[in-house]
Amino acid sequence: MASPATQIVHGLKYEGWRALGEMMGIAMAASVERSAEYDVVVPVPTTSRRLRARGYNQAEVLAASVARRCGIALEVPLVRVDSKRSQTALGPRERRANVDRVFRSVRGVAGTALLVDDVLTTASTAGEAARVLRAAGAARVDVVTYARALPRLEARNERSSRG
């Protein structure tokens, strides 16, 4: 059986439960270091295909909630310019290659940015988005996600539960 966090992420991402984003954002905002001074909250962009299918970018739903709770401006300075394969079935090396140069900045970013996504697996997506934000002028980029996927641990637990 999937963990509660996995079920919540899947509900937001694949089952259209957009309202979960507010609750998830509340939890994420609580984890944001209060001593850090952020100038902007930035969602990780999704592909245009996923945006059409879902009707929303789950990272933007989360980022909006985090921004409201933390009193920080929400900006969308990144776009996803390439929709390569889904990251879900890829290994770490393939994930890095799959997100190489997929984001583009549509405007400059000043100060410190808080990058928001739903799940951190290998940090390939967040790393590439942060690289583009830094190139667009961000002095620092921190990342906050709702969940941290541990693929090897999950696979091991799945094998042992079948056992």
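Here, residue 1 is the first one in the sequence, and each next residue gets the next number. The figures that follow rest on heavy atoms only: side chains count, while hydrogens, waters and symmetry mates do not.
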Can you check side-chain contact (heavy atoms from CB on, under 4.5 Å) on V119 and R148, steps first, answer last?
CA-CA 6 Å; V119 178; R148 171 74 167 105; over 6 Å; no

Evaluation steps, side-chain contact (heavy atoms from CB on, under 4.5 Å), between L78 and R104:
CA-CA 6 Å; L78 299 177; R104 182 174 53 86; over 6 Å; no

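The closest side-chain heavy-atom distance from V76 to V42 is not below 4.5 Å. Residues P77 and V109 have side chains in contact (heavy-atom distance under 4.5 Å, counting atoms from C-beta outward). Residues Y38 and V144 have side chains not in contact (no heavy-atom distance under 4.5 Å, counting atoms from C-beta outward). Looking at T145 and V116, their side chains never come closer than 4.5 Å, going by heavy atoms from C-beta outward. Residues R107 and E75 are in side-chain contact: their nearest non-hydrogen atoms beyond the backbone lie under 4.5 Å apart.
The distance from atom CG of L133 to atom CZ of R140, rounded to the nearest 0.5 Å, is 13.0 Å. Separation of atoms CD (E22) and CZ (R68) is listed at 4.5 Å; rounding is to 0.5 Å. In this structure, OG in S65 is found 5.0 Å from CZ in R69, a value given to the nearest 0.5 Å. Rounding to the nearest 0.5 angstrom, the gap separating the CZ atom in F103 from the CZ atom in R131 is 10.0 Å. One distance of note links CG of N57 with CZ of R80; it measures 10.0 Å at 0.5 Å rounding. Atom CH2 of W17 is separated from atom CE of M23 by 10.5 Å, given to the nearest 0.5 angstrom.
The salt bridge (Lys or Arg N to Asp or Glu O under 4.0 Å) check on R134 picks up nothing, with sequence neighbours excluded. Partners of D39 under the side chain to side chain contact (heavy atoms under 4.5 Å, CB included) rule, at least two apart in sequence or in another chain, are T112.
L20 and I26 are members of different hydrophobic clusters when ILVMFWY side chains are connected at heavy-atom separations under 4.5 Å. Cluster membership check: V40 shares its hydrophobic cluster with V143, using side-chain heavy-atom separations under 4.5 Å among Ile, Leu, Val, Met, Phe, Trp and Tyr.
Across all non-hydrogen atoms, the minimal contact from L74 to A63 is CD1-CB, 3.6 Å. When all heavy atoms are compared, the tightest approach of G55 to R18 is O-NH1, 4.3 Å. Taking every heavy atom of both residues into account, A126 and L120 meet most closely at CB-CD1, 4.1 Å. Heavy-atom minimum distance, L115 versus A129: CD2-CB, 3.7 Å. Pairing each heavy atom of V9 with each of A147, the nearest pair is CG2-CB, 4.2 Å.
Listed by first then second residue, pairs satisfying salt bridge (charged side-chain N to carboxylate O under 4.0 Å, His left out) with a partner in residues 115-126 read K13-D118, not counting sequence neighbours.
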